[in-house]
Amino acid sequence: MKNQEIADIFYNMADILEILNVNWKPQAYRKAARSIESMNENIETIYEKKGLKGIDEIPGVGKSIAKKTEEYLKTGKIKEYENLKKKIPKGLDELMDVMGLGPKKVKKLFEELKIKNIKELKTALKKHKIESLEGFGKKSEENIEKSLELIKQRKKRLLLGEVYPIVKELIEYLKEKKETKKVEVAGSFRRMEETIGDIDILAVSNNGKKTIQDFIKFPEVKRVLAKGNTKGVVLLKNNLQCDLRVVKENQFGSALQYFTGNKPHNIELRKIAIKKGYKLNEYGLFKNKKRVAGNTEKEIYKKLGFQYIPPEIRINEDELKKKIPRLIDYNDIKGDLHVHTRDSDGLNTIMEMALAAKKLNYNYLGITNHSKTRKISSGLEEKDLIKKIKEIKNTKVKGLKLLSGSEVDILKNGELDYSDKILKKLDIVIAAIHSGFKTDKKKMVDRILKALENENVKIFAHPFGRLINKREPYNLDFEKICKFCAKNEKYIEINAQPERLDLDYKNIKIALKHNVKFIINTDAHKKENLEFMRFGVAQAMKAWCRKKDIINTLPLKEFMKKMK
DNA sequence: GCCGTTTTCGGCCCGACTGTTTTCAGTCG
């Protein structure tokens, strides 16, 4: 996927333009870079499908940047970027990566001390040449020195699931402090984005200064970047930046709204506010300097004429334009039907998984280990599977029905990895592709449809096989599969594994149009993974799924009818 | 360079923090 490469070039161009004192363009390039970087779709695919026009449609990308993107996709180079690089000494833009050094300071360092790369910066630091520069001082030298240690670890977005435990821990940590009155995570985490670039926390406290002090002492903090009375910024050990803002109790709603975003949603909402004669910022909603809302998000949205908009869907697509139906909710889920145990490649026993599911108030749990071909994941031979069916039957947990199943491999020819005779014995049969990812589009669809035609198969797992940041989704005639599933009562999985999130919300939307029904599963490989369910539900919310679109919201009896 | 029911020109978020100043510029998100 070339999105990141292209975004990086535009970021660099912005840096260079800024050093060259060019106005406005840097912002434009950065906005485009951010947009391209955070897109879910492959920019190459967009170009193949819709050409230059498709690129131009990306928010923040106009004619000029679209053309440059096209140039890069075609030639692997952007002429103007090459020209820009020639205008400043080689290496100067890498100085911009040093935290605390912006265009003005980089320029000063070059003009006064002829420093044009990291190496020369280090030499100058050793000789303490920088502290005597106008605008710099002793402290500047110390900070640059510290930042240099971190420069190699480039900012990388982490998976939602990777960030989840630390956010939970941090929130708990802050809640325990007696001066804390409220804590809530905002930003991309609250919106449940696929990947997280930094963590935003919002708090109400009796003593802001003390809360910030506690915050910077959180054990996972690697480095403190800023600390004041209302705001603290730290770098965590996982190299994610984490911001804490402390606000007054009656500002909590407006601040939460403001820091949750996303940016385009907020800009749109602010525009609507202005149109209606209001002003909206993180301190509240104002009419003629009079504050008319801000204690809660709900009251802000209400005053502006909207129902409450869940954070997950604040993505500036339709949420400010259309009436939002009652969406699927985390509490609607009655069971998880794609779970592994240590009998194949999981960590826990059947009983351990069952008890964990019980804790989540589920009514049913499907144990679905890998089939025999998946040797690498210790897939079960037929005789072992039969033993496990018995064991599952004999595992009793009050209020929880255990279902025996399998995640059966779809072989390259579209046949399944187990015979119909054994599949018939199972409650849940999930078909999945784990090999032959490079099969061409036509063959892939035939292969999948052949597998789904088997009457025992009811669920199609992680349809695109993508691994976020690792493996591209495979080439799929998805709409053909949707049509088949809708017609034949097959269910498409929304796999909630943080590295999969497959389907993603855009494809859920497509499937919804074809009246496909879904099942949200975690594909858990240990008991803690069952909590990933919320990530899958969030994807469904983003596509505006309702409860009736998701079959594992059904009571056990009705759910089982769907599996027959 | 982007963008548009205040449009095709003239805007472009702005407040917190830091380290340097002696009231503020630069950086960041």
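Naming convention: chains lettered A, B, ... in sequence-line order (proteins, then strands); numbering from 1 in each chain. None of these values were measured; they are calculated from a predicted model.
Taking atom C1' on both nucleotides, dC13(B) is separated from dG29(B) by 11 Å, rounded to a whole Å. dT21(B) and dG26(B) are spaced 12 Å apart, taking the C1' atom of each and rounding to whole Å. Spacing between dG10(B) and dA16(B) at atom P, rounded to whole Å, works out to 33 Å. Separating the P atom of dC14(B) from that of dT20(B) is a span of 29 Å, rounded to the nearest Å. Nucleotides dT23(B) and dC17(B), compared at atom C1', are 16 Å apart to the nearest Å. The C1' atoms of dT22(B) and dT18(B) are separated by 16 Å, rounded to the nearest whole Å.
Residue contacts shown for Asn143(A) are limited to sugar-phosphate atoms, with no base heavy atom under 4.0 Å away. Backbone-only contact: Pro59(A) has heavy atoms under 4.0 Å from sugar-phosphate atoms and none from a base. Backbone-only engagement by Asp243(A) is indicated by non-hydrogen atom pairs under 4.0 Å involving sugar-phosphate atoms exclusively. No contact: Val233(A) has no heavy atom under 4.0 Å from any strand.
Remark: Glu499(A) engages Leu159(A), Leu467(A), Lys470(A) in a side chain to side chain contact (heavy atoms under 4.5 Å, CB included) (not counting sequence neighbours). In this view, Leu20(A) and Ile16(A), Val22(A), Leu84(A), Lys87(A), Ile88(A) satisfy the side chain to side chain contact (heavy atoms under 4.5 Å, CB included) rule, not counting sequence neighbours. Listed by chain and residue number, nothing satisfies the salt bridge (Lys or Arg N to Asp or Glu O under 4.0 Å) test with Lys25(A) (two or more places apart in sequence, or in another chain). Asp214(A) meets the salt bridge (Lys or Arg N to Asp or Glu O under 4.0 Å) test with Lys210(A); sequence neighbours excluded. Partners of Arg34(A) under the salt bridge (Lys or Arg N to Asp or Glu O under 4.0 Å) rule, at least two apart in sequence or in another chain, do not exist in this structure. A search for salt bridge (Lys or Arg N to Asp or Glu O under 4.0 Å) contacts involving Arg546(A) returns Asp549(A), not counting sequence neighbours.
Look at NZ on Lys25(A): it is 15 Å from P on dC3(B), rounded to the nearest Å. Rounding to whole angstrom units, CG of residue Asp200(A) and P of dC28(B) are separated by 17 Å. Between the NZ atom of Lys31(A) and the P atom of dG11(B) there is a distance of 18 Å, given to the nearest Å. For the pair Ile216(A) CD1 and dC17(B) P, the interatomic distance rounds to 13 Å; values are reported in whole Å. Lys209(A) has its NZ atom 11 Å from the P atom of dC17(B), to the nearest Å. Remark: P of dG11(B) and CG of Asn23(A) are 14 Å apart, rounded to the nearest angstrom. For Asp15(A) and dC28(B), the CG to P distance is 10 Å, given to the nearest whole Å. Taking atom CZ of residue Arg30(A) and atom C1' of nucleotide dC28(B), one finds them 11 Å apart after rounding to whole Å.
Sorted by first then second residue, the salt bridge (Lys or Arg N to Asp or Glu O under 4.0 Å) pairs that include residues 278-288 of chain A, not counting sequence neighbours, are Arg245(A)-Glu282(A).
In this structure, Lys177(A) satisfies the cation-pi test against Tyr173(A), with its NZ or CZ atom closer than 6.0 Å to the six-membered ring centre and inside 45 degrees of the ring normal.
Residue Asn229(A) places no side-chain N or O under 4.0 Å from the OP1 or OP2 atom of dA16(B). Of the side-chain N and O atoms in Ser64(A), one or more sit less than 4.0 angstrom from OP1 or OP2 of dG1(B).
Judged by distance alone, the side chains of Asn495(A) and Asp502(A) never bring a donor and an acceptor atom under 3.5 Å apart.
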Expected rows: protein N/O vs nucleotides 12-15 of chain B N/O, under 3.5 Å:
from, atom 1, to, atom 2, distance (Å)
dC12(B), N4, Trp24(A), NE1, 2.8

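Closest contact between the side chain of Asp198(A) and the listed nucleotides dG26(B), dG29(B), dG1(B) involves dG29(B). Between dG29(B), dA16(B), dT18(B), one nucleotide has an atom nearer to the side chain of Gln241(A) than all others, and that is dG29(B). When the nucleotides dA16(B), dT18(B), dT27(B) are ranked by their closest atom to the side chain of Pro103(A), dT27(B) comes out on top. The nucleotide whose nearest atom lies closest to any side-chain atom of Lys68(A) is, among dG26(B), dG1(B), dG29(B), dG1(B). Which of dC17(B), dT27(B), dG1(B) sits closest to the side chain of Ala226(A) comes down to dC17(B).
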Sugar-phosphate or base contact per nucleotide [nucleotides 20-25 of chain B; S, B, -; heavy atom under 4.0 Å]
S-----

For salt bridge (Lys or Arg N to Asp or Glu O under 4.0 Å), just list the numbers for Lys509(A) and Glu317(A), CA-CA rounded to whole Å, side-chain angles, deciding distance to a tenth of an Å, and then say yes or no.
CA-CA 12 Å; Lys509(A) 268 190 177 173; Glu317(A) 285 187 9; 2.6 Å; yes

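Nearest-nucleotide assignment on DNA chain B puts the 5′-proximal partner with Gly60(A), out of Gly60(A) and Lys227(A).
Base pairing analysis places dG1(B) opposite dC12(B); the two distances defining the Watson-Crick or G-U wobble pair are each below 3.5 Å.
Phe535(A) and Tyr164(A) have perpendicular rings, their planes meeting at more than 60° on a 0 to 90° scale where under 30° would count as parallel.
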